[in-house]
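Atoms within a ligand are numbered from 1 in the order they appear, just like the ligands themselves. Computed from a prediction, not measured in an experiment: that's the story for all the values here.
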Amino acid sequence: MPTRVIIDTDPGVDDALAILLALRSPELEVVAITTVCGNVPVEQATRNVFRVLSLVRPPASLLIGQGASRPLLRPLETATHFHGTDGLGELDRLRNADGSPRYQQPTLPRILPTAQDVWNECLRRYPRELTLITLGPLTNLASALAMDTSPVRKLRAVISMGGALAVPGNVTPAAEFNIYADPHAAERVAQSGLPLTLIPLDVGTQVALTRDAIRRLTAETTDPVTRFLGDATAIALAFAEKTEGAAVFPLHDPLAVAVAIDPTLVKLAPLHVEVDTEGPTTRGKTVADPRSGGSRKSSPNLQAAVQVDGARALALVQDRLCRR
Ligand code: BDR
Ligand code: CA
């Protein structure tokens, strides 16, 4: 039986690829997608979910809800310099040979449920069965935990892309974007006792596509998802080339979905992790306690992916997303 999942997301180019990976994987049944502010404001994140869904035939029963429009205590800081002003690599610039837009504007329902309502409904239907995969800041989950008898206690597992344990951050030297964007939410989730698996930058950076690989994989394709992979990543690749000297696109969010598909892709270690919420220079840093043994060792509060079979993870993503 497939693993039932809810995806909480802030699309985001790699979020979009992660959603498509999940929808094209028979090992998963995506029961809901909810949005959160992060890479883009939440209204744009929701539009982007509908735009991504228009590329595939999503399950008729899929629930979609809109979540937090701002982090718990911080102002919203987006990542449009990397993901494009639309969050999906400026799709509106692209035209078909006849001049028509390559990507249609999505049609959204007039009324959308909230993320919390969607989660509550899913957890009512499938108590202790659901895996929540978070691909953005943890604001929605932290808000749900603030309730006394929160239904999210009925989640079977939580897999979260976030943090940088033994590597530098990608927003500041100390912090990874999803944690930096809402450190108070991340700290609440980390200390919540939920069965949490963290997929940090340490492993995500090892699952990446170069511009050359993307060109090769997307050449002459007629598949809308494969074409989207080439179209949506172009701006992020140019940004990476300019700032880091190499046109490489890391698949952080798809790796979190890949771990839900095949947990053997990563090696997990139980760790005690705390989030620095104040900084100023280390705000959003995920501090793992490396001490072992003795009374000073703090007890683990999560499992973190510390190794990844990068070749196998990449092969899985390519196999599901790329068709001729
Ligand atoms: C994370 O930050 C976002 O920009 C990406 O979508 C991913 O979730 C990587 O740090
Ligand atoms: Ca994301």
Do Q44 and N48 have side-chain atoms, one donor and one acceptor, less than 3.5 Å apart?
-> yes

Would you say [X] and ligand 1 have an N/O pair spaced under 3.5 Å apart?
X: H252; answer: no
X: A79; answer: no
X: N39; answer: yes

Cation-pi check, R283 onto Y180 ring (under 6.0 Å, within 45° of axis) = yes

Only heavy atoms of [X], strictly under 4.0 Å: list the atoms of ligand 1 that pass.
X: D253; answer: 5 (C), 6 (O), 7 (C), 8 (O)
X: E176; answer: 1 (C), 2 (O), 9 (C), 10 (O)
X: M161; answer: 1 (C), 7 (C), 8 (O), 9 (C)
X: D15; answer: 6 (O)

D92/R51 under salt bridge (charged side-chain N to carboxylate O under 4.0 Å, His left out): CA gap, chis, key distance, verdict = CA-CA 11 Å; D92 291 336; R51 203 163 210 189; 2.6 Å; yes

Take E129 and R156 through the salt bridge (charged side-chain N to carboxylate O under 4.0 Å, His left out) test and state the conclusion after the steps.
-> CA-CA 5 Å; E129 257 192 65; R156 189 176 69 95; over 6 Å; no

Flag the pair [X] / [Y] as yes when at least one side-chain heavy-atom distance between them is below 4.5 Å, and no otherwise.
X: L196; Y: S160; answer: yes
X: C37; Y: P137; answer: no
X: I214; Y: L237; answer: yes

Near the Ca ion (ligand 2) (protein N/O/S, cut-off 3.0 Å, waters excluded) we have D10 OD1, D15 OD1, D15 OD2, L135 O, D253 OD2

Name the orientation class of the two ring planes belonging to F239 and F82 (parallel below 30°, tilted from 30 to 60°, perpendicular beyond 60°).
-> perpendicular

Pick out which of D15, N140, D14 makes a side chain to side chain donor-acceptor pair (under 3.5 Å) with T9.
-> D15

Part of V13 within contact of ligand 1 (heavy atoms, under 4.0 Å) | neither

